[in-house]
S.K.: 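Shown below is the structure under consideration.
What you see is a predicted model, and the numbers here were worked out from it, not measured in a lab. Proteins come first, then strands; the chains are lettered A, B, ... in the order of their sequence lines, and each starts at number 1.
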Amino acid sequence: MNIFTDIRSVVIAALDAMVADGALPPGLSFANVTAEPPRDAAHGDMATNAAMVLAKAAGKAPRDIADTLVARLVTNAQIETAEVAGPGFINLRLVESVWTGVVGEVVSAGEGYGRSDLGTGTKVNVEYVSANPTGPLHVGHTRGAVFGDALASLLDFAGYEVTREYYINDGGAQVDVLARSVYLRYLEAHGQEVAFEDGTYPGDYLKPVGEALKEKVGDAYLDKGEDVWLEDVRGFATEAMMVLIREDLAAIGVKMDRFYSEKSLYGTGRIEDAIEELKKRDLIYRGTLEAPKGKVPEDWEPREQTLFRSTAHGDDVDRPIMKSDGDWTYFAPDIAYHWDKISRGYDALIDVFGADHGGYVKRMKAAVSALSDGKVTLDIKLTQLVKLYKDGEPFKMSKRAGTFVTLRDVVDQVGSDVARFVMLTRKNDAPLDFDFAKAVEGSKDNPVFYVQYAHARTCSMMRSAEGLGAKPADTVNLEYAGELAIVRKIAEWPRLVEIAARTNEPHRIAFYLYELASEFNSFYSSGKEFPERKFVKEDDIPGTASKLPLVSAVRTVIANGLNVLGVTPAEEM
RNA sequence: GGCCCCGUAGCUCAGCGGAUAGAGCAACCGCCUCCUAAGCGGUAGGUCAUAGGUUCGACUCCUAUCGGGGCCGCCA
């Protein structure tokens, strides 16, 4: 139930009736007619722009349309008053039973309140994290993980059929580097002195992997060349890293539906198949790219390569898919991977990348557009940098200085709930300041605690009421403006879910929850000065019972929102 | 040079083409003998970077310019 779409339907029905009796000309589009919460609550409960949107096409003054529409709207049982205001808005005030109905709806729908059928019948694949399997996840990955996971949950809540997927980059040169680094640790495990030169990973996290390798193969790889051990160690090391990464993901509450290996694309003809699809569409050719303007690499020389005509699908230049030595570029398996996703029948693909992959967006979209003949949409969400602060001071990460901040560091210090919420209180494409000190602080400065606290408070109130023997009444009794303000906010929840899902912006949920908590806390506090406004009154059990549905509804909506974000709704604090 | 993102209150940021642009922090003034003060109320603070355009209506869409960041052929 979404009262905004309900009332919009009422408005549309009234407009249809006006067309039927000649008050409006036939053939008008009502697509842009909205029913929205007004910015200023003094304007009423809801406003529609119908008269202004239709005035031009109908060849009538907004005022004339509005007057006729108002006359029809007031006959609706849900509408108390309707009046024309400003440039032609129609402000609606709804009858009180609508609001008590909303509360009843929330209570009976419970965790289903706000679920939408927006995405029903649409299959979406959300690919996120996809960090190279060469080490533990760091803070940047954490943001991508949290964002992608919340987005996936949001889309699921909005009715989409969602797959959460991780693309393992286990096919490129970085895995060779990993294997060599593990080999050094292996030698070390055998008591040899080793030096980590540039181009190897010196991190301690590979020590146990080297030891595990020793356990497995004994001294078989000692004093042997890469031709003997490289391939095996590559697989062994990648496997070990993925175990590490899965643990990291679990620590922050991320569970993937599928891990997809880049390596599985090689030697199976699948890359070739995908490229063949592009060839069929005449999008592959041999050619030479021009040097990039402005900043030209020093060793630039023109070279003939195999290119994908991505410019035919909106890219700025065509892109190489094969190196001059005949190997695939990174782009080629990526094309194959997306071709695979398309073949699996998704209607929409979403990739969550770090901002440093910004240059990759157009070519990837071009590939998906080409391979699906424009039928499958690809939305790429780039997550910006996380700037770390400790005690208000910027905190620089450096692998060399050992100040490399991992996902584990974050979770260990502030916990999964806090890390997730904080990272979702910013748009994905805005940089994020993350202050360890503030994150664990229990103050209003920290939105996590504010929202959690409001939820805990509703739980506490329900417990006290139960202790008094008060059971929630069937119908809520709404007496004060502050109570109505809370209900209005609650009524916006289903609408907000749809907006957030349509724009792929889970941060809207976090901001909404803060607003709802604020509305609730505000009215709660007025109970200090006006004891009659308290929800739980020891000397008035029926009165208490008549307020409990509202308290319960607030609890439900906050819990539903936090669940979408993957944050635990705490019952006590 | 090209492409992408950002520019909104002193600071950090919200804002689905709609009315007088919002919140938190910081500043100032108030409010706690318990429905969880980890809070609440109030005051002050704005040429929404700039200039055009589209529109009944622009912080929102388009174009240009300025400023900040990122990326830019065999690295993934």
S.K.: Work out how far the C1' atom of rG52(B) is from that of rU12(B), and round it to whole angstrom.
M.R.: 32 Å

S.K.: Taking the side chain of Met573(A) as its heavy atoms from C-beta onward, which of rC56(B), rA38(B), rA23(B) lies nearest to it?
M.R.: rA38(B)

S.K.: Say you pick atom P in rC59(B) and the same atom in rC66(B); how far apart are they, in whole Å?
M.R.: 23 Å

S.K.: Mind checking salt bridge (charged side-chain N to carboxylate O under 4.0 Å, His left out) for Arg303(A) and listing every partner two or more places apart, or none if nothing turns up?
M.R.: Glu301(A)

S.K.: Is a donor from one side chain sitting under 3.5 angstrom from an acceptor on the other, for Asp351(A) and His357(A)?
M.R.: no

S.K.: Rounded to whole angstrom, note down the P distance from rU60(B) over to rU50(B).
M.R.: 11 Å

S.K.: Mind checking what makes side-chain hydrogen bond (donor to acceptor under 3.5 Å, both in side chains) contact with Thr556(A), not counting sequence neighbours?
M.R.: none

S.K.: Considering only the C1' atoms, how many Å lie between rG45(B) and rA26(B), rounded to the nearest integer?
M.R.: 11 Å

S.K.: Would you please say whether a donor-acceptor pair under 3.5 Å links the side chains of Ser130(A) and Glu127(A)?
M.R.: yes

S.K.: How many Å lie between CZ on Arg319(A) and P on rC72(B), as a whole number?
M.R.: 11 Å

S.K.: In terms of side-chain heavy atoms of Asp316(A), which of rC3(B), rU12(B), rA37(B) is nearest?
M.R.: rC3(B)

S.K.: Describe, in one word, how the ring planes of His507(A) and Phe511(A) are oriented to each other, choosing from parallel (under 30°), tilted (30 to 60°) and perpendicular (over 60°).
M.R.: perpendicular

S.K.: Without hydrogens or angle criteria, can the side chains of Tyr453(A) and Asn521(A) be said to hold a donor-acceptor pair below 3.5 Å?
M.R.: no

S.K.: Rounding to the closest angstrom, what is the interatomic distance between rC72(B) and rG53(B) at atom C1'?
M.R.: 31 Å

S.K.: Starting from C1' on rG39(B), measure out to OH on Tyr453(A) and report it in whole angstrom.
M.R.: 7 Å

S.K.: Mind listing the closest non-hydrogen atom pair of Arg8(A) and Val33(A) along with its distance?
M.R.: NE-O, 2.6 Å

S.K.: Which whole-number value in Å describes the distance from Tyr514(A) OH to rG22(B) C1'?
M.R.: 12 Å

S.K.: Scan Ala355(A) against the nucleic acid and name what it touches under 4.0 Å (heavy atoms): base, sugar-phosphate only, or nothing.
M.R.: sugar-phosphate

S.K.: Does Phe523(A) have Arg533(A) sitting over its ring (NZ/CZ under 6.0 Å from centre, angle to axis within 45°)?
M.R.: no

S.K.: Polar atoms only, N or O, under 3.5 Å: list the protein pairs with nucleotides 74-76 of chain B and their distances.
M.R.:
from	atom 1	to	atom 2	distance (Å)
rC74(B)	O2	Ser324(A)	N	2.7
rC74(B)	O2	Ser324(A)	OG	2.4
rC74(B)	N3	Ser324(A)	OG	2.5
rC74(B)	N4	Arg303(A)	NE	3.0
rC74(B)	N4	Arg303(A)	NH2	2.6
rA76(B)	OP1	Lys323(A)	NZ	3.1
rA76(B)	O3'	Gln174(A)	NE2	3.4
rA76(B)	O2'	Asn132(A)	OD1	3.3
rA76(B)	O2'	Asn132(A)	ND2	3.2

S.K.: Phe331(A) vs Phe308(A) aromatic rings, parallel, tilted or perpendicular, using cut-offs 30° and 60°?
M.R.: tilted

S.K.: Between rU12(B), rG15(B), rA38(B), spot the one nearest the side chain of His507(A), thanks.
M.R.: rG15(B)

S.K.: Please produce a list of atom pairs where a protein N or O lies less than 3.5 Å from an N or O of nucleotides 28-35 of chain B.
M.R.:
from	atom 1	to	atom 2	distance (Å)
rC35(B)	OP1	Lys528(A)	NZ	2.9
rC35(B)	OP2	Lys534(A)	NZ	3.1
rC35(B)	O2	Phe535(A)	N	3.2
rC35(B)	O2	Val536(A)	N	3.1
rC35(B)	N4	Tyr524(A)	O	2.3

S.K.: Picking from rG24(B), rU36(B), rG18(B), which would you name as closest to the side chain of Arg463(A)?
M.R.: rU36(B)

S.K.: Hey, is Lys489(A) close enough to Glu515(A) for a salt bridge, meaning N to O under 4.0 Å?
M.R.: yes

S.K.: Kindly state whether the ring of Phe436(A) and the ring of Phe434(A) have centres lying under 6.0 angstrom apart.
M.R.: yes

S.K.: Would you tabulate the nitrogen or oxygen pairs shorter than 3.5 Å linking the protein to nucleotides 4-7 of chain B?
M.R.:
from	atom 1	to	atom 2	distance (Å)
rC5(B)	O2'	Asp429(A)	O	3.2

S.K.: For atom C1', what is the distance between rG15(B) and rA51(B), given to the nearest Å?
M.R.: 24 Å

S.K.: Does Glu197(A), at its CD atom, have more than 12 non-hydrogen atoms belonging to other residues, nucleotides or ligands within less than 6.0 Å?
M.R.: no

S.K.: Respond yes when some side-chain nitrogen or oxygen of Tyr450(A) is under 4.0 Å from OP1 or OP2 of rA37(B), and no when none is.
M.R.: no

S.K.: Can you list the stems that include RNA chain B, where a stem is three or more consecutive Watson-Crick or G-U pairs with distances under 3.5 Å?
M.R.: B:1-7 with B:66-72, B:10-13 with B:22-25, B:27-31 with B:39-43, B:49-53 with B:61-65

S.K.: Using atom C1' of each nucleotide, how far apart are rC32(B) and rC16(B) to the nearest Å?
M.R.: 40 Å

S.K.: Asn91(A) has a side chain; which of rA19(B), rU36(B), rC56(B) sits nearest to it?
M.R.: rA19(B)

S.K.: How many angstroms lie between CZ in Arg363(A) and CG in Asp318(A), if you round to the nearest 0.5 Å?
M.R.: 11.0 Å

S.K.: Taking atom CD as the centre, does Gln174(A) end up with more than 12 heavy-atom neighbours from other residues, nucleotides or ligands that are less than 6.0 angstrom away?
M.R.: yes

S.K.: Is a side-chain donor-acceptor pair under 3.5 Å present for Ser116(A) with Glu498(A)?
M.R.: yes

S.K.: Find the distance Lys381(A):NZ to rG70(B):C1' and express it as a whole number of Å.
M.R.: 17 Å

S.K.: Provide, to the nearest angstrom, the distance between the CG atom belonging to Asn49(A) and the C1' atom belonging to rA58(B).
M.R.: 15 Å

S.K.: Separation of Phe530(A) atom CZ from rC40(B) atom C1', in whole Å?
M.R.: 12 Å

S.K.: Categorize Val53(A) for me: base, sugar-phosphate, or nothing, with a 4.0 angstrom heavy-atom threshold over every strand shown.
M.R.: base

